Structure formats: C-alpha cells, structure tokens
Amino acid sequence: MNAEVGEKRASEPRQFATTRWSLILSAANSENGEQKARTALDELCRTYWRPIFSFVCRRGYSMEDAQDLTQDFFVKILEGNWLQHADRNRGRFRSLLLKSLENFLVNAAERTHTRKRGGDVEFVSWDDWMAEAPSQLSISPHAADSLPPERLFDLRWAVTVVEQALRRLREECESKGRRRLFHALSSHLTAERDEVSYANLSAALGIAESAVTKQLHNMRLRYRSLLRDEVAHTVADPAEVEDEIRYLCAALAAGTE
C-alpha cells in the first residue's frame, strides 16, 4: 500500500456499490435484510480478527486469555444487539470496532471468570484461526513491542487490508494461468521505478522488458482497485475511502519499516 492508491484517476469508475459495512448500517434499525447484514458482519469479523487479538495481547493479557477474550468479544458482537447500536455517524468499521473492544475490555477480568469463549458457543475454532497463512508483511519487532495498543490495532488492520487485496489479486492471476507472473511481480507493486530491475525480471520470466513493464503496470492498477474495494467494505460513505487509505498508509509506514 502507498499514498498513490488514494489518488483519484479520471479513468477510474466512481461507483460505490453496497458494501458489507454499509449493508450492516442500513439494516441496523430495520428487520429487512437483517440476515444479510449479520452474514456481512460475520465476514468482516472473520477477516479482521488479527487486529482484535493483537490489541488484547498488547493490553497485557496472556495469549490464552487473549484467545478467550477475542472469541468472547466476537460472540458478543454477533449474537447481541450490536447491529441496533451501530452508529452510521461514526462510519468506519475499524473505529467502531475498536471502541466496542475497548468498552468490552473494561470489565474483562470479571468476564473471563464468568464465561470462557462465549460459554458453549465458539465463533470459530481457534486452531482454524491460527492455522491461517502468516502475515506476508513484516511488522518490525520494535513496533510490535512498543506501539500503543490502539496504534498496533491500526497497523494490524492495515496489514490485513493489504493482504486481502493481494490474496484476491493472486487468485485472479491464478485463475488466468498467471501464477508465476504474480509471484515474480507482486513484490514490486508499490516499488519506485528506479527500485525495479526490469532486466532481471525479463530474464526470470523469459519475456521482453517492454512486456514486463506493461504487465507490472496493469497489475499495479488492478491491485490499487482491489485495495480500494477492500477499504470501501469498511466505510459507510465513499467520501471516506481516500482518507481511510491515507490513514492506513501512515499506519503501515510507522510499523513495517
């Protein structure tokens, strides 16, 4: 992710389809579409569990207690009346989820004694969560150990957004038989031009440098589009997408260098 992603381009479509978060907000005070909204909320929670878990750990809880609290938090969000209290005036899912988590942890000590992992209900198997692919972006040990919980939450969130976009880009390339091309070019998606050795990539891929330049350009455009789409799923208004991207770029810059 870099600041260029947030720049408007005249050639880019300006449509803003119904996204998971806008769907949740639209159904917050309505019976219509509530099941779809809960499905969307479930998907967002499953996608962004790592920032939640990292925040709880950074607040000083052991890994075991952090696992219990993360599960319990999601059970509360998904089974409670959280949808009815969602505030569309605080339209970023990231911000509202963090505030909800902070409130949840106020009485965490009492809650961990009275209920473990949502009682008899599990949001998802913790083993399944931990078995997921590790982060592809390197968070510096200094950042992981020294950032305040709120900033670590935002950093993990930004990493998740990037990885979701990269996953979708990889799947698209693989579906078109371009897996090798993705693996060769994906690490250069945000690199400056003078940081890319087109000659080396040309030799590795067995194609002309002009073809490498074109393929990398097209892949960058598609990556930026997918990244914008991922961010759009977590805001309620299209006007917030650019600001959210810039905010997450800053979070990444502070923690992955």
Side-chain angles (χ1 to χ4, degrees), residues 1-13 15 17 19-20 43-44 46-51 54 128-144 154-234 241-242 244-257:
M1 183 188 290
N2 61 18
E4 288 186 7
V5 178
E7 295 178 357
K8 287 286 188 181
R9 285 178 164 75
S11 61
E12 288 184 352
Q15 299 177 354
T19 64
R20 290 188 286 272
E43 184 175 352
L44 282 172
R46 289 177 187 274
T47 299
Y48 292 103
W49 71 266
R50 290 183 187 275
S54 296
D128 291 343
W129 276 3
M130 299 306 288
E132 292 181 3
S135 173
Q136 297 175 17
L137 299 184
S138 175
I139 295 177
S140 72
H142 175 72
D154 287 343
L155 173 57
R156 289 288 187 186
W157 190 280
V159 168
T160 300
V161 170
V162 169
E163 290 184 336
Q164 286 292 104
L166 286 173
R167 176 188 58 79
R168 290 174 61 185
L169 181 61
R170 185 192 71 242
E171 290 173 352
E172 287 186 3
C173 289
E174 289 177 346
S175 70
K176 297 175 182 178
R178 298 177 178 176
R179 180 177 182 179
R180 183 163 170 259
L181 188 69
F182 171 82
H183 286 292
L185 302 183
S186 59
S187 61
H188 304 289
L189 292 175
T190 61
E192 299 294 335
R193 183 174 181 85
D194 58 4
E195 296 175 339
V196 179
S197 174
Y198 290 93
N200 288 344
L201 290 173
S202 172
L205 290 169
I207 59 177
E209 285 190 39
S210 59
V212 171
T213 302
K214 180 179 180 180
Q215 291 293 345
L216 182 55
H217 173 73
N218 291 339
M219 191 175 292
R220 282 173 167 170
L221 290 180
R222 184 55 183 156
Y223 166 67
R224 291 166 183 165
S225 176
L226 291 171
L227 192 61
R228 286 179 53 81
D229 184 62
E230 286 299 320
V231 171
H233 279 305
T234 68
V241 172
E242 306 303 331
E244 181 72 351
I245 288 176
R246 283 190 287 269
Y247 184 89
L248 297 179
C249 284
L252 276 177
T256 58
E257 293 180 345

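Predicted model, so just to flag it, every value in this text is computed and none were measured.
- For the side chain to side chain contact (heavy atoms under 4.5 Å, CB included) criterion with Cys173, the lone passing option out of Arg179, Met219, Arg180 is Met219.
- Heavy atoms only, all atoms of each residue included: Ser202 and Ala208 are closest at OG-C, 3.7 Å.
- Here Arg222 contributes atom CZ and Ser225 contributes atom OG; the two are 4.5 Å apart, rounded to the nearest 0.5 Å.
- When all heavy atoms of Val231 and Val241 are compared, the pair lying nearest together is CG1-O, 4.0 Å.
- Here CG of Leu201 is found 9.0 Å from CD of Glu209. Values are rounded to the nearest 0.5 Å.
- The two residues Trp157 and Leu248 make their nearest non-hydrogen contact at CD1-CD2, 4.0 Å.
- Here the side chains of Leu205 and Gln215 are not in contact, with every heavy-atom distance at 4.5 Å or above.
- Ala251 and Leu155 make their closest contact through O-CD1, 3.4 Å (heavy atoms, listed as atom of the first residue, atom of the second, distance).
- Across all non-hydrogen atoms, the minimal contact from Thr234 to Tyr48 is CG2-OH, 3.7 Å.
- Among all heavy-atom pairs drawn from Ala211 and Ile207, the shortest one is CB-CD1, 4.0 Å.
- Looking at heavy atoms from C-beta onward, Leu166 lies in side-chain contact with Leu189 at the 4.5 angstrom threshold.
- Every side chain to side chain contact (heavy atoms under 4.5 Å, CB included) that Glu171 has, sequence neighbours left out, goes to Arg167.
- To the nearest 0.5 angstrom, Leu226 atom CG is 11.0 Å from Leu221 atom CG.
- From Glu172, atom CD reaches atom CD of Glu174 across 11.0 Å, with rounding to the nearest 0.5 Å.
- Between the side chain of Arg228 and the backbone N or O of Ile245 there is no donor-acceptor pair closer than 3.5 Å.
- Between atom CZ of residue Arg224 and atom OG1 of residue Thr190 there is a gap of 9.0 Å, rounded to the nearest 0.5 Å.
- Thr160 and Arg50 form no side-chain donor-acceptor contact under 3.5 Å, judged by distance and modelled atom types alone.
- The closest side-chain heavy-atom distance from Thr213 to His217 is not below 4.5 Å.
- Considering NE2 of His233 and OG1 of Thr47, their distance stands at 9.5 Å, rounded to 0.5 Å.
- With sequence neighbours excluded, no residue satisfies ring-ring contact (aromatic ring centres under 6.0 Å, His included) with Tyr247.
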